[in-house]
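Each chain gets a letter, A, B and so on, in the order the sequences are listed, and its residues count up from 1. The analysis underlying the following values was restricted to heavy atoms, covering all of them including side chains, and did not include hydrogens, waters or symmetry mates. Since the model is a prediction, treat every value here as computed from it, not as a measurement.
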Amino acid sequence: MNTQFLLQLLVNGLVVGTLYGVVAMSFVLIYKATQVVNFAQGELLLIGAWVCWTLLTKYQVPFWVGMPMTLVFMFVFGILIQVVILRPLIGEPIISVIMVTIALSAVFQAALKWIFGVNPQPFPRVFNSQAVTIGSLQIQTVYVMSLVVSVLMMIGMAWFFKVSKWGLAMRATAFNQQVAQSLGISVKTVFAMAWAISAMVSAVAGVVVAVVNGVSSGLSIYGIKVFPAVILGGLDSIAGAVVGGIIIGLLENFAQFIDSEYLHWGNLYEIAPFYVLIIILMIKPYGLFGTKDIERV
Amino acid sequence: MANSTLLPAGDFRSSYAVDTTIFPTTTSRNFAILGIALICLAPVIFSDYWLSILIQIGIYGIAALGLNILVGFTGQISIGHAAFFLLGAFTSAYISNKTSIPVFFAIPLAGVVTAIVGLIFGLPAARLKGLYLVIATLAAQYILIDFFSRAEWFTGGSVPAMAEPFSIFGYVLRGDRQYFYVVLAYVVVSYLLVTNLMRSRDGRALVAVRDHYLSAEIMGINLTKYRTLSFGLAAFFAGIAGALYAHYQLVVSNEGFGIERSILFLAMVIIGGTGSIMGIDKALALNNNLTFLREIAIGVIIIAFLVFEPDGLAHRWRQIKAYWKLYPFSH
């Protein structure tokens, strides 16, 4: 047994897992506030990463200017999606809404391939030092950065929902739209804000992944991996999404360890979360922290 | 009533038998038979290119027909349809290669195997409300495609699997022109099966589950049974279509059956009109080699149809038909 290798993979898993957690968090945000299952979450990551990449390489904007510009863009973009495409669908059956987001993801995916090409592009270097050593482990700086940014975003999100006025309005809307409306909360604005914030958070995650791995359309796989994470954590629990994300990230890398040490099947890393997804749907469909009012029929 | 050649103005359907009849007038039945007879002439008339497109429309039409039972009638979504399609293709190729079962029986067998595998994935989710089936089929899509690239005994791994040509009573059908009739026969049979299903108690139960599952349950409809049934049927038709595809192409490979293809199947159902059977056949002729522009177009079309035309082309077609029937007076 190769302990060194296992440890390295577990650190990897933690880093990737917190990123899954962040993306899952923004997914759950949309689901909780607007009851929309967003199949285009991964494409939001991708759009954020490409926008930031374009600003940094094509227009030579420094990172500390480019990033806020990306966020502003994503803010507007999220509102636009909600207002133009999803607002007319309010009251339609849930499957229409799901199909629209599936179609949205197809459109974004194809459009981005069309605009930026299919080849992965390296992201401009943001940090100088290559690696830090903790004990016997070599950890790349970008990984540390990724971990720090993810944790910061989680704390920010927690603060937003616990303290800020908008966060409270959003929670009230998620709890009961009619009551929220009667208390003077504009449900329309809350819906738009949910998309805007979710798009921004996703974009940050997208840029973080891009800094580590470069930008390519493969980045949108995060939007798919979000499903095992949110189902594990419970579809309507933000804390659950974070925990689910971290578990899925760790599990992926653990599967890779088992695979490369014992099984030699290859590619188990990619597919393991989906087996977990099926198993959870069988035994505990509301996940670890979700509301247990799912009706079995 | 059943013998009249034209429907009189107003709605005079006074019994359930009349209401559920497939052909309201003898004329419409004669036209349908005439239409099929005309299509039988297609191999003589059309060039190879158009014939291959017609065959593909037929094959994808059957798959979309199956998906429509799920999406249109029961109100659930599957985004693993392409994987089930491919499973049918590989299964039929495997059965006809490795056993002495002829292709003629391998195709329905492939459908059954696909339905069983579909149920293994769908069973936990089909029992739950709403969006869980989508997520389960998403997992099925990835797990199955991964399985195909891994299981060399079944699919040949990186080498495409060979499929035998279709044969009937020892006579081997070769070329598009002869295979066209096989596909046509399957389209007609599948269409009749699904149409008749929708006229039966089971079909109405599916629609009731979609429209209001609580009322349906109160009326004594077993929700679990009908949700799983519709998912199994959808997988079954995907398997049949995949098997037909395998024996048409004669090779089966993993290429091009990712999640985009599953979305394409959904697009066919939506554009054709969810909840309508004829609409599927009127859906676009969608074939291979997706360019980006085309993917965008498909996505945009899905969104546009859902927002502006939720009933699909079949609805528009019925309106146009109704308009001309009553022309020049609108009543």
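By the salt bridge (charged side-chain N to carboxylate O under 4.0 Å, His left out) test, A:E252 pairs with A:K225, sequence neighbours left out. Among residues two or more places apart in sequence or in another chain, the side chain to side chain contact (heavy atoms under 4.5 Å, CB included) test is passed with B:A89 by B:A246, B:V252. In terms of the side chain to side chain contact (heavy atoms under 4.5 Å, CB included) criterion, residue partners of A:I247 (sequence neighbours excluded) are, by chain and number, A:L232, A:V243, A:L288.
Contact of A:I221 with chain B is made through the side chain alone, with heavy-atom distances under 4.5 Å. Proximity to chain A (any heavy atom under 4.5 Å) is shown, for B:I135, by both the backbone and the side chain. Contacts of B:I79 with chain A are made by side-chain atoms alone, with heavy-atom separations under 4.5 Å and no backbone atom involved. Only the side chain of A:L235 has a heavy atom closer than 4.5 Å to any heavy atom of chain B.
Near-neighbour residues of residues 35-42 of chain A relative to chain B, defined by a heavy atom under 4.5 Å from a heavy atom of that chain, comprise A:V37, A:F39.
Rounded to the nearest 0.5 Å, atoms CG (B:L133) and CD1 (A:I98) are 9.5 Å apart. A distance of 8.5 Å separates OH of B:Y142 from CD1 of A:I271, quoted to the nearest 0.5 Å. B:I259 contributes atom CD1, which lies 7.5 Å from atom CD1 of A:I102 (distance to the nearest 0.5 angstrom).
Side-chain atoms of B:Y132 and A:I231, non-hydrogen and from C-beta on, do get closer than 4.5 Å to each other.
With a 6.0 Å radius and a threshold of 12 heavy atoms from other residues, nucleotides or ligands, A:F254 has its CZ atom at or below the threshold.
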